[in-house]
Amino acid sequence: MHEAILARSFSKHEKRKLGVWAFLSSLLIGLVFCALLKAYSMGPLPALNLQLSRSIDFKVLSIMDASSYHKARDPPSRFQIVEASNYYPKAREHSNSSLKSVDVIQPKNFEPLLAPIQCNFSQPRSDFCEINGDVRLQGNSSTIFIISASKSGTDVAKPEESSWSVRPYARKIDRSVMSKIREFSLKSSAPSGKQSIARCTKNHTAAGVVFSIGGYAGNHFHDFTDVIIPLYITSRQYKGNVEFLIANIKPYWLAKYSVLLKALSKYDIINIDQDREIHCFPSMIVGLKAHKELSIDPSRSFPNRDSYSMRNFTQFLRSAYWLKRNTAISLKDRHKRKPRLLIISRKMSRALMNEDELAAEARRVGYDVVVADARGELGKFARMVNSFDVMMGVHGAGLANSVFLPEKAVLIQVVPLGLEGLSKYDFELPAKDMNLRYLEYKISAKESSLTEKYPSDHPALREPSSFNKGWDAFKAVYLDGQNVSLDVSRFRTTLLKAIEFLHHN
Ligand SMILES: *[C@@H]1O[C@H](CO)[C@@H](O)[C@H](O)[C@H]1NC(C)=O
Ligand SMILES: *[C@@H]1O[C@H](CO)[C@@H](O)[C@H](O)[C@H]1NC(C)=O
Ligand SMILES: *[C@@H]1O[C@H](CO)[C@@H](O)[C@H](O)[C@H]1NC(C)=O
Ligand SMILES: *[C@@H]1O[C@H](CO)[C@@H](O)[C@H](O)[C@H]1NC(C)=O
Ligand SMILES: *[C@@H]1O[C@H](CO)[C@@H](O)[C@H](O)[C@H]1NC(C)=O
Ligand SMILES: *[C@@H]1O[C@H](CO)[C@@H](O)[C@H](O)[C@H]1NC(C)=O
């Protein structure tokens with residue numbers, strides 16, 4: 001059953017990415033997706049950055065305006081601008097409930113917490129809270145109790161009970177997918193407070209990490225960018241001494257990624273969907289930290305500890321799946337074998353119509369060629385991908401298998417009409433972070449099946465970036481309604497360029 005899942009095409013994710021694309025294009029051309037942009041082009045946004053930290057005598061509540069975060073980056077790259085302006089309106093929407101609960105808290109009502117809580121609701125990709133101290137989770141009521149204590153001698157004034165809510169899935173911008181993610185409420189209260197404290201039925205000694213695998217589970221790209229990489233960022237620091245409390249469980253998903261889950265945690269998974277236990281932990285992270293699409297920003301991972309990069313992540317994958325090759329072939333010295341090229345096949349949309357012809361041309365150029373669609377048991381597929389030096393495919397979830405390539409291998413992304421922006425953020429930038437060589441083949445209008453649908457001077461062909469009929473129409477035309485047939489002699493240049501890269505390895 002989970003075979004079918006690997007290659008499943010993009011869906012809503014691309015909707016979000018279209019926003020990135022649209023904003024970019026609008027910077028350049030100024031007339032793209034007016035409807036989308038209207039929603040996105042708001043002024044400074046009151047996204048919240050709430051920090052409660054423990055101290056014997058006082059607590060700190062700092063509310064930081066998202067716009068100051070934005071300005072603080074100096075100089076902001078275009079990606080950061082794009083990311084920020086796309087994310088913040090939604091970030092604000094999601095911190096609405098948080099805003100409400102935070103409004104309730106007045107610093108004068110604070111009592112020292114036994115458990116210091118640090119939440120960040122102003123990160124663009126996800127909300128998360130880190131709790132150190134007595135923390136108790138009850139799955140069936142989606143509640144996390146954080147036990148705080150009254151300062152000695154002031155028992156009369158009971159601390160205000162405070163609460164936050166977190167949907168622990170790293171695609172905060174995507175309204176529709178987030179609505180499917182279970183929301184957890186975090187309640188901080190005094191042991192002597194009105195609310196009786198849940199009694200532990202299971203005591204744990206390791207740290208707990210709470211996350212959801214709902215959302216786009218099953219889409220290979222999303223599994224990595226929304227869950228696996230954020231989970232790595234969040235939990236690798238514990239070196240296995242961490243328990244995963246998972247919501248919106250899908251058994252096939254756990255089976256598919258069991259090797260990685262086991263490599264990150266030496267404990268069994270705790271399914272908290274229906275669970276009636278009260279799990280008590282000495283510390284917990286609710287939600288996953290996430291930096292960027294299919295990648296990691298080393299400067300943001302554990303500033304005070306070892307930092308992790310995307311290369312550390314791919315190294316981790318190679319070790320978890322026993323992948324043999326760390327580095328692609330070097331053609332510098334005369335080699336016995338030919339460089340190996342994997343052509344990722346797509347069948348439903350964005351199909352490569354002349355796959356066989358391309359494979360034949362690649363063989364003439366000197367490659368050992370395999371055409372495959374990304375199916376089958378993940379470990380087996382990972383080992384297969386790792387045996388290649390060059391991987392090519394049309395923009396789509398199958399290219400997320402690039403995480404299994406050896407370093408310095410070449411990723412060739414075929415970019416259909418209209419998909420330049422998506423292609424860059426989903427695969428080009430990640431490939432560079434993985435220390436892969438990246439090549440792009442942008443098709444010309446005549447290589448697109450859209451030529452059969454539109455006259456040659458139609459704006460859909462000549463200027464896809466001016467296409468402004470909304471997301472659904474865009475998706476129907478460029479993502480679902482387009483196949484490609486490459487000009488073999490033009491593509492030959494890209495095949496030769498990849499070989500040249502391998503000569504420099
Ligand atoms: C945010 O909360 C306010 C006040 O409760 C409400 O009026 C508003 O509609 C909410 N916004 C969203 C986007 O849910
Ligand atoms: C919360 O996230 C923002 C944005 O990444 C960051 O600037 C800020 O330092 C974080 N706050 C805390 C308390 O970690
Ligand atoms: C968990 O630990 C607490 C405090 O030490 C103890 O009172 C409780 O009985 C323990 N619960 C279980 C199920 O072991
Ligand atoms: C959760 O389980 C506990 C213990 O069995 C039960 O008392 C409680 O009513 C349940 N809560 C919900 C919301 O089902
Ligand atoms: C990440 O990889 C680098 C380079 O291989 C290595 O020096 C570093 O120790 C790794 N970081 C961690 C936390 O393992
Ligand atoms: C693209 O190719 C697939 C498989 O050959 C076919 O089923 C589909 O109808 C084609 N789509 C378009 C828009 O030509």
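One-based numbering, in listed order, for ligands and for the atoms of each.
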| field | Contact atoms of ligand 4, heavy-atom distance to Asn140 under 4.0 Å | value | 1 (C), 2 (O), 3 (C), 8 (C), 10 (C), 11 (N), 12 (C), 13 (C), 14 (O)

| field | N/O donor-acceptor pair under 3.5 Å between Thr201 side chain and Ile278 backbone | value | yes

Short side-chain donor-acceptor distance under 3.5 Å, [Y] and [X]:
X	Y	value
Asp223	Tyr216	no
Gln482	Ser448	yes
Asp174	Ser176	yes

| query | Hey, do the aromatic rings of Phe244 and Phe211 have their centres closer than 6.0 Å? | reply | yes

| task | Over 60° means perpendicular and under 30° means parallel, so classify the ring planes of Phe281 and His204, tilted if in between. | result | parallel

| query | Would you call the rings of Tyr441 and Phe491 parallel, tilted or perpendicular if under 30° counts as parallel and over 60° as perpendicular? | reply | perpendicular

What is the closest protein heavy atom to [atom], and at what distance does it sit?
atom	value
atom 5 (O) of ligand 6	Met353 CE, 4.0 Å
atom 9 (O) of ligand 6	Asn483 ND2, 4.8 Å
atom 3 (C) of ligand 4	Gln138 NE2, 3.5 Å
atom 8 (C) of ligand 3	Asn203 ND2, 3.8 Å

| query | Hey, is atom 11 (N) of ligand 3 touched by any protein heavy atom at less than 4.0 Å? | reply | yes

| Would you say atom 14 (O) of ligand 6 touches the protein, meaning some protein heavy atom is under 4.0 Å from it? | yes

| message | Considering Gln274, Glu277, Arg276 one by one, which has a heavy atom nearer to atom 6 (C) of ligand 4 than any of the others? | response | Arg276

| Under 4.0 Å from any heavy atom of Gly481, which atoms of ligand 6 are there? | 13 (C)

| task | Taking only heavy atoms of Lys347 into account, list the atoms of ligand 6 that are under 4.0 Å away from them. | result | 3 (C), 4 (C)

